[in-house]
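Worksheet: the structure to be examined is printed underneath.
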Amino acid sequence: MTDVPLFASSLDPYQDRLAEALERVARDGRYILGPEVEAFEAEFAAYLGVRHCVGVANGTDALTIALRALGIGPGDDVVMPSFTFYATAEATLAMGARPVFCDIDPDTLCVTAETVRAALSPRTKAIVPVHLFGNVAPVPELREFGLPVLEDSAQAAGADLAGRKAGALGEAATFSFYPSKNLPCLGDGGAITTDDDGVAERARILRFHGSQDKSTFIEVGYNSRLDEMQAAALRILLPELDGWSERRRSAAATYERLGLGEHARLPHATDGARHVYHLYVVRAERLPLGRGYYRVPVHRQPAIAADVELPATEEAARTNYALPMGTDLTEEQIRQVVEACASGST
Ligand SMILES: *Cc1c(COP(=O)(O)O)cnc(C)c1O
């Protein structure tokens, strides 16, 4: 057994700068929708190569608000994977729309054009691929169906596909800055990104109670803002993201070099994608360490209980193990994990 942490990332090197940024906000006195949020939105949009970023309170609200900004509502079907975090479906149900679950590719663990096609119907109004575990779903192929594609990029900040960043591939995308995600803040935070001026404008109105000018309320919205403290922290950490992604990829390469592939099926990036290994998820019948994710996939959760057969989803749910990954994983720690897998794989 090993005591290598599953999330091997630390913000220690940035603590002084984070503290400075938080103090700057505390003294400035503008805590909601002020200069830090505005600057972070511009910086993150520029990083991704999109026109707009709208900061919101968390990744789940980002999904809810983005779906509404795309015009999804009661009676609409939204196609999405079941092998994902529950929030993707929850946000859809929250606005009276119906999640329709499609299967995944057994290697990439993301949806494909084929699995999505099998779930489409005349009621389908949007497709929500999830860039699972830091891989990237094949969004350009999904856009050929002619429906709005909303990327759930919560796990894939920094990843790219054919030279475009995850979060810049669909009509719109959503991010979470939850502390364990690849681009973390110091609490809850999220964002919607898009090239579409109308979607961005609608998202800005929805995050502030359905108001553009903060005094006239034109629809029932949400109180869901990224706050100034979190935006200030994100502005310190965003410039580190590409370096962190390199370190995660280097750890993945080390797992491979040290022979992990003899004991488990290794993660497999989508063709043309650069994976950022939010989680390093291998497949095996049984491993003596690691943590299984989404063992009960969303379509079988009690709040959903959808009657649908998704064989690749069931198989991935049963056989996946997340092994330690992060920006600070050492070769020695990786060696320990591989040795533990070697001694106990079946
Ligand atoms: C984390 C996550 C979310 C939700 O983000 P929160 O900030 O926790 O609300 C949504 N979708 C996926 C795939 C996630 O991993």
Side-chain angles (χ1 to χ4, degrees), residues 6-7 9 40 44 53-68 78-95 99 101-102 104 108-111 126-137 139 149-159 166-167 169-170 172-193 203 206-207 222-227 229-231 233-234 237 248 267 270 275-281 291-299 301 303-304 313 316-317 320 322 325:
L6 187 60
F7 291 95
S9 300
F40 172 70
F44 196 46
C53 169
V54 181
V56 296
N58 55 67
T60 306
D61 283 4
L63 284 161
T64 305
I65 291 172
L67 284 166
R68 266 188 72 185
V78 180
V79 171
M80 65 186 63
S82 167
F83 192 56
T84 178
F85 181 57
Y86 175 65
T88 321
E90 186 184 29
T92 305
L93 286 161
M95 68 202 42
F101 298 101
C102 68
I104 50 170
T108 66
L109 303 179
C110 290
V111 304
I127 303 167
V128 185
V130 177
H131 299 317
L132 202 72
F133 301 144
N135 195 9
V136 187
V139 175
V149 175
L150 174 63
E151 306 166 67
D152 183 341
S153 309
Q155 301 186 1
L169 296 161
T174 60
F175 286 88
S176 165
F177 307 122
Y178 184 83
S180 67
K181 303 281 158 101
N182 287 33
L183 176 60
C185 66
L186 308 177
D188 276 313
I192 298 154
T193 58
L206 286 169
R207 81 172 165 182
Y222 307 90
N223 176 5
S224 180
R225 284 118 20 171
L226 183 66
D227 69 62
M229 291 273 182
Q230 300 307 343
L234 284 161
L237 299 177
R248 290 172 177 275
T270 299
H275 206 304
V276 289
Y277 302 101
H278 167 58
L279 294 169
Y280 187 77
V281 176
R291 175 171 139 190
Y293 271 79
Y294 319 132
R295 284 278 185 253
V296 179
V298 177
H299 74 281
Q301 289 294 336
I304 309 259
T313 295
N320 82 84
M325 174 47 75

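Just so you know, ligand 1 is whichever comes first in the structure, and atom 1 is the first atom listed for that ligand.
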Testing Val128, Val298, Asp152, Val130 for side-chain contact (heavy atoms from CB on, under 4.5 Å) with Met80, which one passes?
Val128

If you count the atoms of ligand 1 from 1 in the order shown, which ones are under 4.0 Å from a heavy atom of Asn58?
7 (O), 9 (O)

To the nearest 0.1 Å, how far is atom 11 (N) of ligand 1 from its closest protein heavy atom, and which atom is that?
Asp152 OD2, 2.8 Å

Nearest non-hydrogen protein atom, atom 4 (C) of ligand 1
Thr60 OG1, 3.5 Å

Rounded to the nearest 0.5 Å, how far apart are [atom1] of [X] and [atom2] of [Y]?
| X | Y | atom1 | atom2 | value |
| --- | --- | --- | --- | --- |
| Glu151 | Ile192 | CD | CD1 | 13.0 Å |
| Leu279 | Leu109 | CG | CG | 11.0 Å |
| His278 | Arg248 | NE2 | CZ | 7.5 Å |
| Arg207 | Asp61 | CZ | CG | 12.0 Å |

Residue part near ligand 1, for Thr84, under 4.0 Å between non-hydrogen atoms
side chain

Heavy-atom distances under 4.0 Å are what count here, so tell me which part of Val130 touches ligand 1: side chain, backbone, both or neither.
side chain

Is any N or O atom of Tyr294, backbone or side chain, closer than 3.5 Å to an N or O atom of ligand 1?
no

Checking the N or O distance criterion of under 3.5 Å, is ligand 1 in contact with Gly59?
yes

On a heavy-atom basis, I'd like to know which of Glu90, Lys181, His131, Met80 is closest to atom 2 (C) of ligand 1.
Lys181

For atom OH of Tyr178, is the number of surrounding heavy atoms from other residues, nucleotides or ligands below 6.0 Å larger than 12?
no

